[in-house]
Each structure stands twice: as C-alpha cells, then as structure tokens.
2 protein chains.
Amino acid sequence: MQLNRQPLYCQVANELVGFISKGAWKPGEVIPNEIDLARKLGVSTGTMRKALDKLEASHLIIRRQGRGTFVLDQAGFDGRHRFDLMRFADGSSIHPMCETLDESVGVASKEECKELSLDEKDRVLRAARVKTHDGCTLVYEDISIAAKRFPGIDREVGLVDYLVTSLAQKYGVILGQAIEQLSLCEVSDKVADVLSIPVRSVVLRLQLVVYSFSGEPLMLRTGFSHLPNAKYVVKIE
Amino acid sequence: MQLNRQPLYCQVANELVGFISKGAWKPGEVIPNEIDLARKLGVSTGTMRKALDKLEASHLIIRRQGRGTFVLDQAGFDGRHRFDLMRFADGSSIHPMCETLDESVGVASKEECKELSLDEKDRVLRAARVKTHDGCTLVYEDISIAAKRFPGIDREVGLVDYLVTSLAQKYGVILGQAIEQLSLCEVSDKVADVLSIPVRSVVLRLQLVVYSFSGEPLMLRTGFSHLPNAKYVVKIE
DNA sequence: GCGAATTTGTGCGTATGTATT
DNA sequence: TAATACATACGCACAAATTCG
C-alpha cells in the first residue's frame, strides 16, 4: 500500500526544502554534511546526494568541495538578479537604482487572474517603479504580487520591497522557475513620459511571471523599455 | 602520473560523443544498453550512467525507461527548433516556411570575426532568408556559417541548408549551447520592404550565436522582426 | 489478458580522490 | 599536517515502464 508515487530522493528533497522554508536553515548558512543528513533522514548517502543535486539545480543551495553546502541567499548578490536578463550593451551587468512611483492594493484584475491563477476576489499588491542608472531610465515596471501566496504579507502594505526574491525569502516562499514573454508595443503617454521618449514610440514589453518551487505563480511583472544602451541576453542550453 | 585531470565520467561522455560525431550511432537510433556500454568501455554502471546523464542534459540523447537510449535527431522535430524562441501570440509553436533570398561565400567581416572567433582570412558561408507563415513575413535573417568548423562544407556552396541543426548533423558537428542577444533598432530600407512595414520602423533585432559541444562558435544569425502576432518566450530556470 | 524479457530508474553501501580549513 | 566535506568511482539489488509472445 504505497501511494508514495514520488521517488524517495524527491521526498527527501522536499523535506530539505521544508527546512529552508521554515527558516530552520538560514540563507547563507552552512547545512549539515551529506553523511549526517543521510543518517538523520534515514536514507543512503547516494539518495541524499541525489536530493541535494536536485536542490542545487533549483538554485536553492550551493555546494563547495571541502567547505560544505550552503543555503543560497536569494536576496543576496547571487540570487537577486536571477530574473533580470537585461545587460548593458557591452555585456556588463546592470545594478540599477529602483524608484517606486506608486503602490496600491486591490482585487485581481482580469489579466492578473489569468497570469497568476487567481480568483476575482483574491487580493493583489501592486507597485509601479522605474529602474535607473546614472540618470538614465532603463525600464518602467508594473508589479503585481499574489497576496495569498505570501502568508502574512497583508499586514505590510506600504512598506513592501517588491523584489520578489526578498519577499520570497521573508515569507518562507521557495522560488522556482519563471517565464518571460517579450513583445513590441507602443508606449502609453504615461510610460513615454517616465522613459523620456516620444509618445507612441515602439518599445519592448517584458512580461515576467515568477513561480514558486511547487509551481504556483507568485508575481507578475510587466516592463516597458526602449533598451537605452542595453540589450536582453538569453542563454539557450 | 595522471594528467587525466578530467573525471572518468567526462572522458566516457566524450568518448560517447565521438561515436555520435563519427556516425557510428545514427540520429534516432537506439544505442547499446547501459550495462553493455559500461562493460565495453570498462567502467562501472554508475560511471556510465553519469556520463549518459551529461549527454542527456546536453540534448544529445534521450532515455526512455523500458525502451532504451536514443540518439537525438537534431534535424528532426525535437531538435530543430531548439534555438527558435519565437511563438505565436497565443503561445503555440511556429513552424514557418523558409525562403532563401540570397547566398554567398566570402571572407569574414569584422563582426563575423568577432562573434565567430575567426581570422580575417577565414571563409564564411552566408545566406539571407525570410520566415513566413500564412503569407505573413515573420522575420528576416542574415546567417553566417564559419566554414572551417564544418570540414568539407566548402564543396557544397549553393545548395546549403542553412539550418544549423541539419548542417551540424551532416558534418558530424555536435551542437552545444547558444546565446541570443535582443535589442531594438530601426530597420534598413531593404528589411522594411521585406517585412512590409514602414521605413525606419523600430523592430526587434535578434543576434544568435550557436556554439559546438566543445565551445567553438559555429553560426551567427542576425534576425529582424516586428513580431507580428508573435512573441519571444524565455524560460528562466 | 498476462507473464516473461529487456531496459532505464531508484536505492543502498563502500572506498578513494580532491579541495578547503 | 590533520581533519572535514564534497566529488568520483565501483558494484549490487530491486522497482517501474515497455515490448512481445
């Protein structure tokens, strides 16, 4: 009688994810060595290694031979730009200033319902912001956070850091993959003004949806950019 | 005295890649089972599995439990659109018609030298083509192939299929990763005409460089598109 | 419909190599 | 140098999926 249809190493991986989610293991901290972990969870070292392989592939931990295994700090230097594929034209990384223009809370719009798999009555935290560098506005972004996926976040309206990596870490949400869809469109007058470009200019529209480790959509980010001195770089494996 | 600095499973993986490259194993064919392979190459089953894991992650083989392990057909349905991230607006795959407008051979331009790591005297095969679907022109592309990376390709000018996956398979070149860089630019008059859009329109510029398994740049593809009824979709792991 | 044969997937345990502290 | 921890390598047993008689 086993409806444990999941392989053991996946169950173990999920258990380890739980430790991170619950805060038993803090970001940046070292976790117990593989042999102790295997003994503690009652599995073989090989199974434990396979579970850790999975977590490493999911960018939840990093392993250093001779040193140990560490919980990746999603909000730190390694993790916080995972979903930002924009680069300067010379290929160097962009570390922009973020300025929040507006914040609000409300029920999910039609688009938010669709992209975030929400019901009409679900609450959404929103922000509009711009990323600038050396006085140049790189991108305008509308951000929508599915409140119910971040237990406790309601109490924090008005002081939210809308970087999804920080939010996830703060509320014990484990990040998974993301999907970004690029298209071309004419800017609205408002966005044209913010980006300091002519009205009705054609710009790149970047729609990003970030999912949790378990596959629930967490955040919708719709960006508009004319890519000033910048490009968008994709590595295809 | 071992300057085999590579782990054994990597050496084994390279040996298996050699079988595919040399045509000993044909695309789509099944390869020997893991136990026989391990015995034949004189390694343990675990080491062989790890080597096969690496090949699978590189999209060179696919494994089917109960059936066997198969050489991926790069030019077939699974492999040929690996580097095409454009989709219809509704998310469905695009299987366009390709029409070659022009073909030529010459020495590498400055840009080709840079992007393909070539010398000034190295030869390049070029093609200009458009991809259309239902009468709508989706994208214009300039393609440059580094001839010296495809031994024997010189003899085939004029009848080349410029799909890199086909070329690679034909000449025993194993494909690796690719990098695509997106930017915005005004179209040239020629491209505006081909795409049937106003002159000086702003379009998406897509510059793709495809590398071999061993890391050599093989092909440069510079596309221009106004994304008619289309979008560009990136999965971020 | 069912069971045998085949093949990959999972799991266990051990020993040794290599990088770090 | 010694201790620690991850990486590699070996080998075996069984589970699960597929195929075929």
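Lettering of chains follows the sequences in order, A, B, ..., and the numbering in each one begins at 1.
B:P228 pairs by the side chain to side chain contact (heavy atoms under 4.5 Å, CB included) definition with B:C136, B:L138, B:S225, B:H226, not counting sequence neighbours. Take A:E56 and apply the salt bridge (Lys or Arg N to Asp or Glu O under 4.0 Å) test, not counting sequence neighbours, and it matches A:R63. Remark: B:Y211 pairs with B:I179, B:V209, B:P217 by the side chain to side chain contact (heavy atoms under 4.5 Å, CB included) rule, at least two apart or across chains. The salt bridge (Lys or Arg N to Asp or Glu O under 4.0 Å) search around B:R67 returns none, not counting sequence neighbours. Every residue meeting the ring-ring contact (aromatic ring centres under 6.0 Å, His included) condition with B:H95, not counting sequence neighbours, appears here in chain and number order: B:F77, B:H81. Annotation: salt bridge (Lys or Arg N to Asp or Glu O under 4.0 Å) contacts of A:E112 (sequence neighbours excluded): A:R126. Partners of A:E99 according to the salt bridge (Lys or Arg N to Asp or Glu O under 4.0 Å) rule, which considers only residues two or more places apart in sequence or in another chain, do not exist here. Listed by chain and number, the residues in a side chain to side chain donor-acceptor pair (under 3.5 Å) with B:S58 amount to none (sequence neighbours excluded).
Counting only heavy atoms from C-beta outward, the side chains of A:R205 and A:T222 approach each other to under 4.5 Å. Side-chain contact between A:L52 and A:E34 is present, with at least one heavy-atom pair separated by less than 4.5 Å. The shortest distance between side-chain heavy atoms of A:L175 and A:H59 does not fall below 4.5 Å. At least one side-chain heavy atom of B:L37 sits under 4.5 Å from a side-chain heavy atom of B:I31.
Put simply, NZ on B:K54 is 15 Å from P on D:dA7, counting in whole angstrom units. If you measure from atom NZ of B:K50 to atom P of D:dG11, you get 16 Å, rounded to the nearest angstrom. The nearest whole Å value for the distance from the CD atom in B:Q11 to the C1' atom in D:dT8 is 12 Å. Atom-to-atom, CE of A:M48 to P of D:dA7 comes out at 14 Å; the value is rounded to the nearest Å.
Protein chain A contacts DNA chain C over a range whose 5' and 3' limits, counting nucleotides with an atom under 4.0 angstrom from a non-hydrogen atom, are C:dT10 to C:dT21.
With salt bridges taken as basic N to acidic carboxylate O contacts below 4.0 Å, one links B:K131 and B:D84.
Of the residues in residues 18-45 of chain A, those with a non-hydrogen atom less than 4.0 angstrom from any atom of DNA chain C are A:V43, A:S44, A:T45. Taken residue by residue, residues 61-73 of chain B places heavy atoms nearer than 4.0 Å to DNA chain C at B:R63, B:R64, B:Q65, B:G66, B:R67, B:G68, B:T69.
With the end axes of the helix from C:dC2-D:dG21 to C:dT21-D:dA2 each set by five pairs, the angle from one to the other reads 10° at 10° resolution.
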